[in-house]
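First comes the structure, then the notes that go with it.
Lettering follows sequence order; numbering is per chain, from 1.
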Amino acid sequence: MSTNESQLAGSPSRQGPPDIESGLIAGLRRGEESAFETLLQRHHTSLVRLARVWVRDASAAEEVAQETWLAVVQGIHAFEGRSPLQSWIFGILANKAKRRGTRESRSRPFSAYDSDADRDDLRGMSPDRFVPPGEEWAGHWTYPLADEESCPERHVLAEEAGGFILRQIDELPGRYRSVMLLRDVHGLTADETCAILGISAANQRVILHRARTRLRITLEPYLREGANCVEQLG
Amino acid sequence: MSSNLDNGEAVALGDLTCREFVDLVTDYLEDALDKQTRARFEDHLVDCPDCPVYLRQMEAIVGAAGLLREEDLSPEVRDVLLSRFRTWRNGG
Ligand SMILES: [Zn+2]
């Protein structure tokens, strides 16, 4: 495997080609329902899922997503295209959801985002996976990772374990969920993600790393034994 | 929270352990390693039988996350939003 092949930095994002996107923007500016419907089909359920990071329940998330669409329709004339359309829409959603989450938190002890504090310490790889310090081969794997067969293609993995992966992401504490949704599920850049969430680049990487490590840990039975155990994953 | 290599162990020059490798995987994929650490990471990738598997698994998981499909928009929600849209575009 060459180093270049292992780079994800250039992986395609979910955004369509620029000409399709500018067509949607133009259509929306002309008030075309078909352009609006295309955007709804593309992003609405993603917006609702992302809103749940900050707000209390599904109906609040649905309302925040609807407010976001109103802001999109009203703001599209002023949209300058400095970021991709998807990133702009997610940014509006995040602002509205955060504000609502803050309001909600006045009437209950914790906001959805910060109540994660007590379980914020997402545990990484268990130390007993590695040979303890002082021994020969200290810091190396205690037992080998499975062989080549335990490297499924991304398409196969998405096909066979996609539902499980999405549920696992939903289980992550808010900050981990928000970064993973924006970066890995929706393909936003690190810069876009930092801007939307108001976090530093270094912090973003730490959060992303912990979220990905956690996801891999939950997928270990699948990686070891393949699709036949995917039902047991739940 | 500035580095993913935070297990508190001294790092021997040019000789990464698997445990350290695992901590650096995201920084590597994000192209956020300094030149020297990147070289040590890549040396480990050549020397270690297991960590290349770990890296490929991680890439597959990240790639799979990018292929996930959200559930379809329900027709009911779509109809509600489309009717709102007709009001909004007329300045309502
Ligand atoms: Zn190794």
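- A salt bridge between A/E153 and B/R56 is absent, with no side-chain N of the basic residue lying under 4.0 Å from a carboxylate O of the acidic one.
- Contact annotation for A/Q204: only side-chain heavy atoms (C-beta onward) come within less than 4.5 Å of a heavy atom of chain B.
- Here the shortest heavy-atom pairing between A/H209 and B/V25 reads CE1-N, 4.3 Å.
- No more than 12 heavy atoms of other residues, nucleotides or ligands lie within 6.0 Å of CD in A/E159, so this atom counts as exposed by the packing criterion.
- Taking all atoms of both residues into account, the shortest heavy-atom contact from B/A64 to A/I165 is CB-CD1, 4.2 Å.
- No donor-acceptor distance shorter than 3.5 angstrom exists from the side chain of A/R205 to the backbone of B/D27, with no hydrogens or angles considered.
- Taking the side chain as every heavy atom from C-beta outward, B/V53 and A/W141 never approach each other to under 4.5 Å.
- Side chain of A/D184 to backbone of B/V62: no donor-acceptor contact under 3.5 angstrom is found.
- Side-chain atoms of A/L219 and B/I61, non-hydrogen and from C-beta on, do get closer than 4.5 Å to each other.
- Under the 4.5 Å side-chain criterion, counting only non-hydrogen atoms from C-beta, B/R19 is not in contact with A/R129.
- In this structure, B/L82 and A/L40 have side chains that are in contact, with non-hydrogen atoms separated by less than 4.5 Å.
- One finds the CG atom of B/L29 at 9.0 Å from the CG atom of A/L208 (value rounded to the nearest 0.5 Å).
- Among all heavy-atom pairs drawn from B/C18 and A/F130, the shortest one is C-CE2, 3.9 Å.
- Between B/L81 and A/F36 the shortest heavy-atom distance is O-CE2, 3.7 Å.
- The existence of a salt bridge linking B/E70 and A/R42 is excluded, since no basic side-chain nitrogen approaches an acidic carboxylate oxygen closer than 4.0 Å.
- Residues A/R154 and B/L67 have side chains in contact (heavy-atom distance under 4.5 Å, counting atoms from C-beta outward).
- To the nearest 0.5 angstrom, B/E71 atom CD is 5.0 Å from A/T45 atom OG1.
- Residues B/M58 and A/T213 are in side-chain contact: their nearest non-hydrogen atoms beyond the backbone lie under 4.5 Å apart.
- How far OG1 of B/T26 is from CZ of A/R210: 11.0 Å, rounded to the nearest 0.5 Å.
- Side-chain atoms of A/R216 and B/Y54, non-hydrogen and from C-beta on, do get closer than 4.5 Å to each other.
- Within the model, atoms CG of B/L73 and NE2 of A/H43 stand 12.0 Å from one another, a figure rounded to the nearest 0.5 Å.
- Side-chain contact between A/H44 and B/V77 is present, with at least one heavy-atom pair separated by less than 4.5 Å.
- For A/W69 and B/F85, the ring centers sit 6.0 Å or farther from each other.
- The minimum heavy-atom distance linking B/T17 with A/A138 is given by the pair CG2-O, 3.6 Å.
- When all heavy atoms of B/A60 and A/P152 are compared, the pair lying nearest together is CB-O, 3.2 Å.
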Check the pair B/E30, A/R183 against side-chain contact (heavy atoms from CB on, under 4.5 Å), reporting the backbone distance first and the verdict last.
CA-CA 11 Å; B/E30 296 282 290; A/R183 288 299 313 281; 2.8 Å; yes
